[in-house]
Amino acid sequence: MSPGRRRTKAAVRGYGITGWSRAFVGVVESGADHRRITGARRYFRERHVEGLRIGHGVVTASVRGSQLDPFDVRLEMRTVDPDTVVELLRRTGSTDDLLDLARGEQPTGLGELIAPTEPADVTSDCSCPDDAPRCTHVLAVSFEVAAEIDRRPTTLLTVMGTDLPELLAVVQDGDRHAAVGDDDPLVADDPYGDHRLPPAPPSFPAVDPLSDLDPTALRQALRATGVPLTEVGEALDDLTTYYDVLTGRR
């Protein structure tokens with residue numbers, strides 16, 4: 001190495017940075033011993049997990065371990081019911097949590113309804129000879145999932161068997177059936193109108209602002225919120241999906 005060049009230190013990988021990610025990891029780690037957790041952290045840092053696939057309620061991956069062939073890992077979640085999640089959000093007046101999630105936030109109320117809460121919510125299986133409920137390979141895969149939740153909060157919804165468009169569709173469908181007219185009287189114990197849904201929104205004009213208008217300002221706004229330049233296109237695709245759901249085109 002020439003005297004004028006410095007050796008650059010590789011960035012250390014992390015997981016469990018956000019609340020939703022820590023909630024998921026905490027459930028999977030519960031009951032695991034320190035030795036296996038330490039080994040799984042090393043596997044995570046050294047990228048031993050390959051072929052990670054996160055589907056609705058199922059996660060699969062391969063992990064390079066102590067043998068020549070990698071071990072196959074499968075996680076299955078006790079999935080949530082979208083109708084129940086939305087109903088509980090309505091009861092607490094927290095349906096706006098879904099909009100916060102669309103902006104990349106991790107609202108606490110929604111997270112408490114989505115995230116697993118006990119070890120039985122996440123079952124695991126690995127092809128390695130270790131008969132522990134949470135072997136090193138299972139833990140390493142769960143750390144990779146947690147890192148994905150840190151990077152993209154909607155990953156937790158996918159892991160638990162639903163997604164944001166589905167939840168938004170349930171909200172919209174409920175609003176359509178529960179909307180009341182302007183001449184309906186307020187209930188006696190509801191002086192602020194908290195128990196009364198607003199009338200249905202007006203129809204949207206036949207325009208798609210995400211494609212028909214200049215996207216420069218939107219891209220700048222996404223960059224200002226911390227979205228990496230390489231992920232701006234993906235974020236715009238997500239916004240298009242949410243817009244389609246809100247306007248009833250999906």
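Just so we're clear, the structure is a prediction, and the values are computed from it rather than from any experiment.
Linking ILVMFWY side-chain heavy atoms closer than 4.5 Å, directly or via other members, places Val58 and Val49 in two distinct hydrophobic clusters.
Atom CG of Leu139 and atom SG of Cys126 lie 10.0 Å apart (nearest 0.5 Å). Here the CD atom belonging to Gln67 is positioned 8.5 Å from the OG atom belonging to Ser127, to the nearest 0.5 angstrom. One finds the CD atom of Glu76 at 8.5 Å from the CG atom of Asp125 (value rounded to the nearest 0.5 Å). For the atom pair Ser21 OG and Gln106 CD, the distance stands at 7.5 Å (nearest 0.5 Å). Atom CD of Glu144 sits about 9.0 Å away from atom CD1 of Ile54, to the nearest 0.5 Å. Rounding to the nearest 0.5 Å places NE2 of His56 at 4.0 Å from CG of Asp163.
Between the side chain of Ser30 and the backbone N or O of Val27, no donor-acceptor pair lies under 3.5 Å. Between the side chain of Asp150 and the backbone N or O of Gly16, at least one donor-acceptor pair lies under 3.5 Å.
When all heavy atoms of Arg90 and Val170 are compared, the pair lying nearest together is NH2-O, 4.2 Å. Between Arg13 and Phe44 the shortest heavy-atom distance is NH1-O, 2.7 Å. Taking all atoms of both residues into account, the shortest heavy-atom contact from Tyr43 to Ala140 is CB-CB, 3.9 Å. Pairing each heavy atom of Leu167 with each of Val86, the nearest pair is O-CG2, 3.8 Å. What you find for Ile17 and Arg22 is that their closest heavy atoms are O-NH1, 2.8 Å. Of all heavy-atom pairs between Ala115 and Ala23, the closest is CB-CB, 4.1 Å.
The pair Arg78-Asp121 meets the salt-bridge criterion, with a side-chain N (NZ, NE, NH1 or NH2) lying under 4.0 Å from an Asp/Glu carboxylate O. No salt bridge links Arg41 with Glu46; every basic N to acidic carboxylate O contact stays at or beyond 4.0 Å. With respect to the salt-bridge test (charged N to carboxylate O, under 4.0 angstrom), the residues Asp33 and Arg134 do not qualify.
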Derivation and outcome, side-chain contact (heavy atoms from CB on, under 4.5 Å), residues Val63 and Val141 = CA-CA 8 Å; Val63 182; Val141 171; 3.6 Å; yes
inquiry  = Between Trp20 and Leu101, does the side-chain contact (heavy atoms from CB on, under 4.5 Å) criterion hold? Intermediate values first, please.
reply    = CA-CA 12 Å; Trp20 286 14; Leu101 176 59; 3.8 Å; yes
request  = Determine, step by step, whether Thr79 and Met160 satisfy the side-chain contact (heavy atoms from CB on, under 4.5 Å) criterion, reporting the C-alpha distance in whole Å, the side-chain angles of both residues, the deciding distance to 0.1 Å, and the verdict.
outcome  = CA-CA 5 Å; Thr79 57; Met160 300 308 295; 5.8 Å; no
ask   = For Thr162 and Val85, what are the C-alpha separation, side-chain angles and deciding distance, and is it a side-chain contact (heavy atoms from CB on, under 4.5 Å)?
value = CA-CA 10 Å; Thr162 186; Val85 171; over 6 Å; no
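No side-chain heavy atom of Arg74 sits less than 4.5 Å from a side-chain heavy atom of Val138. Contact check for Val59 versus Arg53: no side-chain heavy atoms found under the 4.5 Å cut-off.
Applying the side chain to side chain donor-acceptor pair (under 3.5 Å) test to Ser62 and every residue at least two apart in sequence or in another chain returns Asp72.
Paired with Leu110 under the rule side-chain contact (heavy atoms from CB on, under 4.5 Å), one option of Leu88, Asp96, Leu98, Thr95 passes, and it is Leu98.
Residue-environment remark: CZ (Arg47) stays at or below the threshold of 12 foreign heavy atoms within 6.0 Å.
Using bins of under 30°, 30° to 60° and over 60° for the plane-to-plane angle, the ring pair Phe143/Tyr15 lands in the parallel bin.
Applying the ring-ring contact (aromatic ring centres under 6.0 Å, His included) test to residues at least two apart or on different chains, the pairs with a partner in residues 61-86 are Phe71-His137.
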